[in-house]
Structure formats: C-alpha cells, structure tokens
Number of protein chains: 2
Amino acid sequence: MTHDTESTPDLTRNQALVFGALSGAEGPLSAYTILDQLRDDGLRAPLQVYRALDKLVEFGLVHRLESLNAFVACNHPAGDAPGESHGTVAFAICEECGGVTEFAEQDVVKRLQGWARTEGFHATSTVIELRGLCESCAPA
Amino acid sequence: MTHDTESTPDLTRNQALVFGALSGAEGPLSAYTILDQLRDDGLRAPLQVYRALDKLVEFGLVHRLESLNAFVACNHPAGDAPGESHGTVAFAICEECGGVTEFAEQDVVKRLQGWARTEGFHATSTVIELRGLCESCAPA
DNA sequence: TGATGAAATGTTATGTCATAACGTTTGAGG
DNA sequence: CCTCAAACGTTATGACATAACATTTCATCA
C-alpha cells in the first residue's frame, strides 16, 4: 500500500498497461485495439483488457463511449478535488478525425436530474454523447 | 404510391414486419431478438433486420439505444406535426424491468447546442440516455 | 410495352465487441 | 505461515454488426 487518502488507487500491472495505452492515444480505442498494442507486454486475451477497463472506469480514470463501443482516458478540463472527482460528463465525438472532447455542463445535468426527480426515476448513470464534426474538421 | 405530403413513408414488407415487432414489444429489442420473432414470417438473416432498422431509424419511427445495443419503437409523448417530427430526444432506461421512457427536454438540448456553438462543434446526432430504476422498480 | 435504374431483397461469410467458466497466482493482514 | 479476497491466465463461446455479391421489385418514361 502506498498510503492513499482517497486519491487514485494503485494500479495493477494490467491496469497500468491499459491506462497507459489509452493515455498515449489520440482518440478512443476499442478493447481489441488496446489488446493488440499490448501483446508485446504480455497481454494475450480480451478478458485481460476488459477486466482492467472495468476497474479503470470504476476508478473514474477511463470513460466508456457507448455510441462507439470504445474507451478514452479521462480528461476533464480542470479543477477536481481528489476525494469526490467528477459526476456526469458529456462527450463530443468528431466523426472525421476521431477526436473526443470531454465537457461538463452542469445545467444539462441539473435539468436531467430535475426530470428524473419529477418522474421518480432513480438514475445511476447518464450517457451524453454528441456526434458530428469538430471545429477543425467542419467545412468552412 | 399512396400519395404522401410528407408523413410516414410507405413501409416495405420487411420494414413493416420489424416495425410491428418493435411496436408490439414491451421494451427494447435487439436485432437478433427481432429476427427470432420474425423467422416464421420469412426472415432468415441479421442483415434483413438491420437494413429494415436503418430505414426505420431514418424515418424517425424507431430509435436505437446506444447503451443497450437495442431498438425501440418511437413513442414521443404528444404533439408532433407530420412534416417536421421530433429532434433530439432522451431516454430513461430501467435496469430492473427493462422499460424505456422517451422524453424531450428542450432546455437540455438548447444547452448542448449552446456548448456546441461556442466550441464550433457541428453535431449531427445526440445521445442522451439515463440508466437506473423507474419509479415502479425503485425501492420504497 | 418494355427498357432502365434505384431501392430493396436474399444469402453466405466474416468481422467486431464482450463474457462465461475454470483454475492459478499474488499479497496484505491476522 | 495461513488465509481469503482480488487479480490473473486461458479457452471457449455468445452477442452485435457488416462486407460482398447476386437477384428481384417496381415506378418512371422513351
């Protein structure tokens, strides 16, 4: 144990390898793409990657993009305290360059929570993903 | 041609079969579940279902739930003119009973559009899905 | 009427994403 | 040291989706 008030937990070897692959990537990666990149590091089966991904998502270090069946390293743009990190975030996914922008729109989340409250729906997770073209890739 | 100002287009046989299966279902169905239900009607291959689904989604009669890899018949709760039907809608998916509630929160959409505008992101589609427990299934 | 072209269809094969089930290894704490 | 939970390794299988190619349907129009 590396002592640890409540920050990022120690990663196991496989978790570190998978997180490294995602951190170094320009965009989202599928589990099988990650596996291919890590063959030389000893990973051999999809399950090794999926198990690491499950944990990394649980730790909040990685996000799963539902509309892509792929994963990205978390990159929320600024101040988050160690204890309680982020809540719901949204993603803008460029279909041209593959780039993903993570953002938090508190008003959006509040509105959705409001709807849920009035309907008695108890949300455990929320998916918000925009698909389209980023500024660089959009036609002039 | 059944003349047609700009309402729902005529469906082909396969499209009608698939739409019928989704309309009759209590919750979302996967393409393969639909296929199984339509074997007796002559459907034999996944592609027949996927092609029909593509069209139905294009027509706005069916929605794809990204976080479930499944499909539901559209059921937006009220007034929509024939010409321009709905824009972005959101879904609340109960993980206990499988029920799906479709809803439109215009403020949420506006906020996301606002973010996109300021970032220069040109969204072509938007996914909003809440996962959790519906009122009936939530613990007392 | 009958040529024609776009859309839909039928079929086989394959690609991609994800987990079940089993046994083994690792390592912190008693 | 023992023990137990967590992580790991491996094989097999399940679930979701599309490529490629041949054929049929049917509204349009010369």
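Only a predicted model underlies this, so the values are computations on that prediction, with no experimental measurement involved. Proteins get letters first, then strands, A, B, ... in listed order; numbering begins at 1 in each.
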Residue set satisfying salt bridge (charged side-chain N to carboxylate O under 4.0 Å, His left out) with B:Arg51, at least two apart, ordered chain then number -> none

Pairs satisfying side chain to side chain donor-acceptor pair (under 3.5 Å), at least one member in residues 19-32 of chain A, at least two apart: A:Ser30-A:Thr33

I need the full list of side chain to side chain donor-acceptor pair (under 3.5 Å) pairs touching residues 114-124 of chain A, with sequence neighbours left out, sorted by first then second residue. none

Starting at [atom1] of [X] and ending at [atom2] of [N], how long is that distance when rounded to a whole Å?
X       : N      : atom1 : atom2 : result
A:Leu35 : C:dT19 : CG    : P     : 15 Å
B:Leu11 : C:dT9  : CG    : C1'   : 16 Å
A:Asp36 : C:dT16 : CG    : P     : 10 Å

Indicate for each nucleotide in nucleotides 6-16 of chain D, in 5' to 3' sequence, whether protein heavy atoms under 4.0 Å reach the base (B), only the sugar-phosphate (S), or nothing (-). -SBBBB----B

Qualifying salt bridge (charged side-chain N to carboxylate O under 4.0 Å, His left out) pairs, either residue in residues 125-140 of chain A, two or more places apart: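 Pairs touching residues 125-140 of chain A that pass the test: A:Glu95-A:Arg131.
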
For B:Ala45, the side-chain contact (heavy atoms from CB on, under 4.5 Å) test, sequence neighbours excluded, returns B:Gln48

